[in-house]
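This report refers to the structure that appears directly beneath it.
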Amino acid sequence: MAEKVNIINQIKRTILIVEDEFVNQEILKNILSNNYDVMVAENGVDAFRIIKSALVPISLIMLDINMPIMGGLEFLKLIKEDEQLKKIPVIVLTKEVDNELKSLELGAVDFIKKPYDYPEIVLARVARTIELAEDRTIVQAAERDNLTGLYNKHIFDEYARKIDLYTSDKKYDLCVLNISKFHIFNELYGREKGNEILISFSRVLQSCARKYNGIVGRIQSDYFAIYIAEQEDYKEFVKEIENDLIEKYDLGNLIFRIGVYRCNDKNESIEYRLDKAKLMCDSIRIINNSSYKIYDPEEVKNTLFKEKLEQDFKKAIEEKQFIVYYQAKVNIQGDKYKMSSAEALVRWIHPELGFISPGVFIPLFEKNGSVAELDKYVWQEAAYQVARWKERNGYVLPISVNISRYDMFETNLCGTLVNICKNAGIETKDLYLEITESTYSTDEKEMMKIINEFKEAGFVIEVDDFGSGYSSLNALTGLAFDVLKLDMQFVKKMLVSEKTMVIVRFVADIAKALKVLLVAEGAETLEQINVLKELGYDIVQGYYFSKPLPANEFEKLFDKEFE
Ligand code: C2E
Ligand code: MG
Ligand code: MG
């Protein structure tokens, strides 16, 4: 309890002096300003205006009686009629005993005689009055967070709304600040030290908030909230907090993050805005430096969308929401163009979100590790499909499946693929494995080992998206692969960019020299096909021949002669 009082006493209270005489204003300011923030009003009307627009609560009013426009007694009467304002204690400044009585009757708690001969007495009475008022009102006692003396969440909410009420024309930001990895301080140095850090941090926030004319509260353990006028960015703000932490408390290693919710509609509740700011704050992940993030509705929508996909993954696998499409690979080197194989490309037909393309969810599942399970599912589907078509047609149409870089870390990956073929009743040479070029360039030795296992097991290896990675030409000679698949971007640009055309031709030469099959991806026009044919490309996969199709539609392409 003693500690609590101590901390609360450290907070600079705000006192409003209502006094028309300049000399008296100055004397009082001199006496008070070391211990208090002081505001000055010239008369009763002016005082009302200031109280209503003040961003900080006023702890005490010191009121002169004789003033123009609205005198002290009238002001006192009005203020005591106001539910909110009547809680503010008022000390009357007076020369005449007559007024003392009247003002006490009207609700003043004390009076101080002019001239102010004994500054210590003035200070003592002021301190006592504020203390009594704060002790007396339960509401006020509960205003403050026990540990730091900052506003608690409830009161922060109230004051923020008050700010809104009186500043309807101004934009305000709600910021949630969090000390990064605060639990580590607690674990390393103990709770007491942890508390000290929280208190120091609060002090810094308080002085920064004051500088920016804002209010600050502690909303939950190591989460703080600040409500301040809109800032274009928070670089300066972050820097100021950092500097204060270093200078005043030697806490340079404290890293914090700030989530900012920019309010465009003051009808949104403070609670709602706090949630959004906190969401932003929590979304700041890997940090070595203190940083901030401003709420962007689009980005949040995106994040929520991704989170939904991650959540729905397991069910989607169980319910077979992932559907494998097939895209024809057409041999263009004979007179008649015929399909020689196809690529299995997964799609997610989500019960609520509809069609989702792999470009959206594959990177996500590569990040969270689900891609291995998804790919296994796709490989199985593709292998059974090869078997079904083999039985129906009497011959095999090989299907290539994509192997993600992240699949390569699975134990016994090759064994898994061999088993899938075995279970489906197909041979390993009927399943082609597309491995992106970038996979080759990472941790080459380990990858090489796995790829060699694939080869030995009889799989056909295709280097996917060739040209998009960074493998050196030298590395190419050491790689085990059967097919080079030129990255789609080259085909797209080759007819408009001479330099691209040079590369397309160059890759054809490499393939010829290495005696591997050459595939071009992404051809959409006959002109592109003709150029590729002339350059010696064996196979083309592209919208010109067919888009990826679900199995039942793809089947119609089996005996088709493409043109
Ligand atoms: P990718 O393996 O390079 O697949 C080729 C992509 O090019 C496919 O996009 C295909 O639809 C698209 N494409 C083919 N021809 C054309 C064309 O003429 N014009 C245009 N604009 N696009 C064409 P999709 O199906 O959206 O797949 C994108 C990527 O997602 C794939 O690139 C692959 O990296 C990945 N992916 C797809 N399915 C799987 C899967 O089952 N497992 C893994 N790990 N990755 C997959
Ligand atoms: Mg591919
Ligand atoms: Mg590709």
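All values derive from a computational prediction rather than experimental measurement. Atom set for the values below is all heavy atoms of this structure, side chains included, hydrogens, waters and symmetry mates excluded. Each ligand, and each atom within it, is numbered from 1 in the order the structure gives.
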TODO: Using the side chain to side chain contact (heavy atoms under 4.5 Å, CB included) rule, take Asp173 and Ile226 through it: C-alpha gap first, then chi angles, then the decisive distance, then the call.
DONE: CA-CA 8 Å; Asp173 288 345; Ile226 288 189; over 6 Å; no
Notebook entry, point to check: Can you check whether Asp375 has an N/O within less than 3.5 Å of an N/O in ligand 1?
Noted result: yes
Check: Which class fits the ring pair Phe554 and Phe558: parallel under 30°, tilted 30 to 60°, perpendicular over 60°?
Finding: perpendicular
Atom 18 (O) of ligand 1: protein heavy atom closer than 4.0 Å? yes
If you compare Tyr543, Tyr544, Phe365 by their heavy atoms, the one closest to atom 16 (C) of ligand 1 turns out to be Tyr543
- Message: Once you measure the plane-to-plane angle for Trp389 and Tyr326, does it fall in the parallel (<30°), tilted (30-60°) or perpendicular (>60°) bin?
- Response: perpendicular
Is the Mg ion (ligand 2) less than 2.8 Å from at least one N/O/S atom of Ser400?
no
Which of Tyr377, Phe313, Tyr406 passes ring-ring contact (aromatic ring centres under 6.0 Å, His included) with Phe365? Answer is Phe313
Looking only at protein heavy atoms, what sits closest to atom 24 (P) of ligand 1 is Pro358 CG, 3.7 Å
Under 4.0 Å between heavy atoms, the region of Pro548 that gets near ligand 1 turns out to be side chain
In terms of the angle between their ring planes, are Phe201 and Phe256 parallel, tilted or perpendicular, with boundaries placed at 30° and 60°? tilted
Geometric class of the Trp348/Phe322 ring pair [parallel <30°, tilted 30-60°, perpendicular >60°]: tilted
When distances are taken from atom 5 (C) of ligand 1, the protein heavy atom at minimum range is Glu521 OE2, 2.7 Å
>> Please determine whether the number of non-hydrogen atoms from other residues, nucleotides or ligands lying under 6.0 Å from atom CG of Asp169 exceeds 12.
In response: yes
Of all the N, O or S atoms in Asp464, the one nearest to the Mg ion (ligand 3) is OD1
Closest to atom 8 (C) of ligand 1 among protein heavy atoms sits Leu345 CD1, 3.9 Å
message = As a test of the contact definition, would atom 29 (C) of ligand 1 count as having a protein heavy-atom neighbour under 4.0 Å?
response = no
Ligand 1 to Ser404, heavy atom cutoff 4.0 Å, flagged ligand atoms 44 (N)
Crowding at CD, Glu524 (>12 non-hydrogen neighbours, <6.0 Å):
yes
When you measure from the side chain of Asn331 to the backbone of Lys338, do you find a donor-acceptor pair of N or O atoms at a distance under 3.5 Å? no
Compute the minimum heavy-atom distance from Glu343 to ligand 1 and say whether it is under 4.0 Å. yes
Of Glu381, Glu462, Gln327, the residue with the heavy atom nearest atom 14 (C) of ligand 1 is Gln327
Does the separation of the ring centres of Tyr337 and Tyr544 fall below 6.0 angstrom? no
Residue Asp487, metal the Mg ion (ligand 3), N/O/S under 2.8 Å:
no
Within the 4.0 Å heavy-atom cut-off, what Asp465 brings close to ligand 1 is side chain
Near Gly542 (heavy-atom distance under 4.0 Å), the atoms of ligand 1 are 15 (N), 18 (O)
| Just distances here: any N/O of Asp407 and N/O of ligand 1 closer than 3.5 Å? | no
Nearest heavy atom to atom 7 (O) of ligand 1, choosing from Glu366, Met488, Arg405, belongs to Met488
The option among Ile362, Val491, Val346 carrying the non-hydrogen atom nearest to atom 45 (N) of ligand 1 is Ile362
* Any nitrogen or oxygen of Val378, main chain or side chain, under 3.5 Å from a nitrogen or oxygen of ligand 1? -> no
Rounded to 10°, the OD1/Asp465 to the Mg ion (ligand 3) to OE2/Glu521 angle comes out at 150°
Checking contacts now, so for atom 32 (O) of ligand 1, which I'm interested in, is there any protein heavy atom under 4.0 Å?
no
For Asp250, is the CG atom crowded, meaning more than 12 foreign heavy atoms sit under 6.0 Å from it? no
| task | Give a yes-or-no answer on whether the side chains of Tyr212 and Glu240 include a donor-acceptor pair shorter than 3.5 Å. | result | yes
To the Mg ion (ligand 2), the closest N, O or S atom belonging to Glu343 is OE2
Counting only N and O atoms by type, is there a donor-acceptor contact under 3.5 Å from the side chain of Gln333 to the main-chain atoms of Tyr537? yes
Query raised in the report: On the ring face of Tyr543, is Lys547 found with NZ or CZ under 6.0 Å from the centre and within 45° of the axis?
Result: yes
**Message:** Salt bridge check, Lys329 against Glu434: does any charged N sit closer than 4.0 Å to a carboxylate O?
**Reply:** yes
### Message
With a 4.0 Å cut-off on heavy atoms, is Lys547 in contact with ligand 1?
### Response
no
**Prompt:** For Asp407 and Lys376, what are the C-alpha separation, side-chain angles and deciding distance, and is it a salt bridge (charged side-chain N to carboxylate O under 4.0 Å, His left out)?
**Reply:** CA-CA 9 Å; Asp407 295 328; Lys376 208 171 140 197; over 6 Å; no
Worksheet item: Measuring to the Mg ion (ligand 2), does Glu434 have an N/O/S atom at a distance below 2.8 Å?
Response: yes
Quick look: Val324 vs ligand 1, heavy-atom contacts under 4.0 Å, and the answer is neither
Nearest non-hydrogen protein atom to atom 21 (N) of ligand 1, with distance, is Glu524 OE2, 3.2 Å
the protein heavy atom lying closest to atom 34 (O) of ligand 1 turns out to be Asn402 OD1, 4.5 Å
